[in-house]
Amino acid sequence: MTLLFRIILLAVCLFTYFFLHHSIKKEKMRIEESIFWLILSLLLLVFSIFPGIPDILARLLGIYSTANFLFLFVIFILLLRLFYVNAALGKLEERVKTLVQNEALRDRREREKESKTGETKE
């Protein structure tokens, strides 16, 4: 891994840390959501400080260069994150649909009660 690439990784990790810190402080992101990004940033920081680790992993996996390994690694991690977010989104959509249906049924029952009580008063 070249020195320039290691410096870029360090800079990106530091930028990510400060961006997350700022986002949490301004309440634009919850701490729970930022943990994933902090862990990924720390992992890339370890890779930039100890370039032997990604070199060994790249050779073990038969990947031509360390940079290719890092790009593949990040893409794989982001795909996993995307899968997790989509699964959570599907659950939330189902919950919203159920809530809307329950609210519609409750409104219908209330209107039916009002119409029945209106008929008996006359």
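All values reported here derive from a predicted model rather than from experimental measurement.
- The salt bridge (charged side-chain N to carboxylate O under 4.0 Å, His left out) pairs that include a residue from residues 33-44 are R30-E33, where partners are two or more places apart or lie in different chains.
- At a threshold of 4.5 Å between side-chain heavy atoms, the hydrophobic network of Ile, Leu, Val, Met, Phe, Trp and Tyr places L42 and I35 in two separate groups.
- Counting only residues at least two apart or in different chains, side-chain hydrogen bond (donor to acceptor under 3.5 Å, both in side chains) contacts with residues 50-66 comprise D55-T66, S65-N68.
- The CG atom of L3 sits 10.0 Å away from atom CD1 of I8, with the distance rounded to the nearest 0.5 Å.
- The hydrophobic clustering, which links ILVMFWY residues whose side-chain heavy atoms are closer than 4.5 Å, places M29 and V85 apart.
- At a threshold of 4.5 Å between side-chain heavy atoms, the hydrophobic network of Ile, Leu, Val, Met, Phe, Trp and Tyr places I49 and F69 in one connected group.
- Note that CG of L61 is 8.0 Å distant from CG of L72, once rounded to the nearest 0.5 Å.
- Applying the salt bridge (charged side-chain N to carboxylate O under 4.0 Å, His left out) test to every pair with at least one member in residues 72-94, sequence neighbours left out, gives these pairs: E94-K97.
- The pair E103-R106 meets the salt-bridge criterion, with a side-chain N (NZ, NE, NH1 or NH2) lying under 4.0 Å from an Asp/Glu carboxylate O.
- Residues L70 and L9 form a side-chain contact, since some pair of their non-hydrogen atoms from C-beta on lies under 4.5 Å apart.
- To the nearest 0.5 Å, atoms CD1 (I24) and CG (L38) are separated by 6.0 Å.
- Evaluation of the salt bridge (Lys or Arg N to Asp or Glu O under 4.0 Å) rule for E27 yields no partner, not counting sequence neighbours.
- Partners of R109 by side-chain hydrogen bond (donor to acceptor under 3.5 Å, both in side chains), not counting sequence neighbours: none found.
- With a 6.0 Å radius and a threshold of 12 heavy atoms from other residues, nucleotides or ligands, F36 has its CZ atom above the threshold.
- The OG atom of S48 sits 10.0 Å away from the CD1 atom of I53 when rounded to the nearest 0.5 Å.
- Under the 4.5 Å side-chain heavy-atom criterion for grouping Ile, Leu, Val, Met, Phe, Trp and Tyr, L40 is not connected to F15 through any hydrophobic cluster.
- Following chains of ILVMFWY side-chain contacts shorter than 4.5 Å, one can reach V74 starting from F50, so the two form part of one hydrophobic cluster.
- Rounded to the nearest 0.5 angstrom, F18 CZ and K25 NZ are separated by 11.5 Å.
- Within the 4.5 Å cutoff, side-chain heavy atoms of L45 are placed close to those of L10.
- Within a 6.0 Å radius of CG in L82, other residues, nucleotides and ligands contribute more than 12 heavy atoms.
- By the side-chain hydrogen bond (donor to acceptor under 3.5 Å, both in side chains) test, S23 is found to be paired with no residue, residues two or more places apart in sequence or in another chain being considered.
- Proximity of the aromatic rings of F73 and F47 is defined here by a centroid distance below 6.0 angstrom, and this criterion is met.
- One N or O on the side chain of T16 and one on the backbone of V12 form a donor-acceptor pair closer than 3.5 Å.
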